[in-house]
A.B. asks: 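First, the structure itself, so that you have it in front of you.
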2 protein chains.
Amino acid sequence: MTVIFSKKCELGLQAVLYLSAFPKNTLFSALEISEKINAPKEFVSKILQTLTSSGIVGSKKGNSGGFYLKIDPGSVRLIDVVSAIDGLDLFRNCVLGFPGCSVDEPCPVHESWGKLRNETYTMLSNQTLAELRDITVNKINSLKK
Amino acid sequence: MTVIFSKKCELGLQAVLYLSAFPKNTLFSALEISEKINAPKEFVSKILQTLTSSGIVGSKKGNSGGFYLKIDPGSVRLIDVVSAIDGLDLFRNCVLGFPGCSVDEPCPVHESWGKLRNETYTMLSNQTLAELRDITVNKINSLKK
DNA sequence: CAAAAATAAGACTAAATTTTCTTATTTGCA
DNA sequence: TGCAAATAAGAAAATTTAGTCTTATTTTTG
Ligand code: SF4
Ligand code: SF4
């Protein structure tokens, strides 16, 4: 079970974090990336297609083609990836599933969850790929035994 | 799309919050509850069965039977309901989906997310149904036009 | 005692998500 | 030019989650 993001989004974040550990425009095939993050190649490829159409990564067809980070790692925020894959409904919907959030009719946890929700959003908006580079490298290297 | 909890869990929380607005042991049929929270009757019934077996609500069969809150609203925490339905993996798994969280190999957002995760857990552990009574009543009354 | 109304239980169906497969197209290189 | 390797695109399969239906059992009430 995922925590907040869909599987697609989790893997999208992982893939993009991986790409950001290398100089911009460095090509990696979907296969290479999928091996690094232990995910099905075709699934990774499909997710990166989504990120390609939203402009975060670029792709190159043909022999020796692959995917690459199109934007400078210092300019890509985690929220940009989340937004491209899962969208931002997460930050609009009620955590209890009640419809119609408003100041007059808030849900029972409006106050406490609203605060946490904003902090989560802020966290994802402040963190760029560049800032996470070292820790990402460490984590990904530990994965493949 | 749900925010964090499954649909079952959202509706379970809604149902229990609704029950907590009335004196303990007040019976409501699955139909009544489902109408209040605008959810399929059979689905609500099934969710309440789960909560019955975990002891939070009680059920009474037969004519004029129904479900009722078995524990004092002041003693039921939101986390108890979440735990009974979705479990607590949410608070154990990595938000980025990386396996093997540890201090040596944390995921890139370990520090910031770990903090938010703990705050979320604390929030759900501190809030009891009783404390949310007034705001719950207001919210639920606003639902059915 | 019989009928009605309710939950319990579990099989079943439907929908959404995740994963795989297949085909087409592009590109580099011998 | 023709083959190999790669993405693109989308169909199809598998899995998970959500929701429905059916049957059995319980309980109240006339
Ligand atoms: S902020 Fe609170 S009331 Fe508003 S939708 Fe979120 S959880 Fe519900
Ligand atoms: S605390 Fe951080 S590293 Fe650990 S599992 Fe959660 S998100 Fe991943």
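Every value quoted in this text rests on a predicted model; they were computed, and no experiment measured them. Protein chains get the first letters and strands the later ones, always in sequence-line order, with residue 1 at the start of each.
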A.B. asks: Between A:Glu42 and A:Gly65, which residue's closest nucleotide on DNA chain D lies nearer the 5′ terminus?
C.D. replies: A:Gly65
A.B. asks: Whole angstroms only, please: what is the CD-P distance between B:Gln49 and D:dA24?
C.D. replies: 17 Å
A.B. asks: For B:Lys41 and C:dA6, give me the distance from atom NZ to atom C1', rounded to whole Å.
C.D. replies: 8 Å
A.B. asks: Rounded to whole angstroms, how far apart are CG on A:Asp86 and C1' on C:dT18?
C.D. replies: 13 Å
A.B. asks: Just how far, in rounded Å, is C1' of C:dA6 from CD of B:Glu32?
C.D. replies: 11 Å
A.B. asks: Are the side chain of A:Asp80 and the backbone N or O of A:Arg77 linked by a donor-acceptor pair below 3.5 Å?
C.D. replies: yes
A.B. asks: Return the 5'-most residue of the pair A:Lys61, A:Ser6 with respect to DNA chain C, ranking by each residue's nearest nucleotide.
C.D. replies: A:Ser6
A.B. asks: How many Å lie between CD1 on B:Ile37 and P on D:dG19, as a whole number?
C.D. replies: 11 Å
A.B. asks: Hey, is the side chain of B:Ser64 poking within less than 4.0 Å of OP1 or OP2 on D:dT27, counting only N and O atoms?
C.D. replies: no
A.B. asks: Rounded to whole angstroms, how far apart are CG on A:Leu48 and C1' on D:dG10?
C.D. replies: 17 Å
A.B. asks: Could you tell me whether the phosphate oxygens of C:dG28, OP1 or OP2, come under 4.0 Å of any side-chain nitrogen or oxygen in A:Lys60?
C.D. replies: yes
A.B. asks: Between B:Thr2 and B:Glu10, do the side chains contain an N or O donor and an N or O acceptor separated by less than 3.5 Å?
C.D. replies: no
A.B. asks: Report the distance from atom OH of B:Tyr68 to atom P of D:dT27, rounded to the nearest whole Å.
C.D. replies: 11 Å
A.B. asks: Select one nucleotide: of C:dA8, D:dA18, D:dA8, the one nearest the side-chain heavy atoms of B:Lys7.
C.D. replies: D:dA18
A.B. asks: Grab the CG-C1' distance between A:Leu31 and D:dA4 for me, whole Å please.
C.D. replies: 15 Å
A.B. asks: Do any N or O atoms from the side chain of A:Asn141 and from the backbone of A:Val137 form a donor-acceptor pair under 3.5 angstrom?
C.D. replies: yes
A.B. asks: With a non-hydrogen cut-off below 4.0 angstrom, is A:Ser29 in contact with a base, only sugar-phosphate, or nothing?
C.D. replies: sugar-phosphate
A.B. asks: Does the B:Asp86 side chain pair with the main chain of B:Ser6, one donor and one acceptor, at a distance under 3.5 Å?
C.D. replies: yes
A.B. asks: Judged by each residue's nearest nucleotide on DNA chain C, which is more toward the 5′ side, A:Phe43 or B:Asn63?
C.D. replies: B:Asn63
A.B. asks: Between B:Lys46 and B:Glu42, is the closest basic N to carboxylate O distance under 4.0 Å?
C.D. replies: no
A.B. asks: Does the base of D:dT20 carry an N or O that pairs as donor and acceptor with the side chain of B:Lys46 under 3.5 Å?
C.D. replies: yes
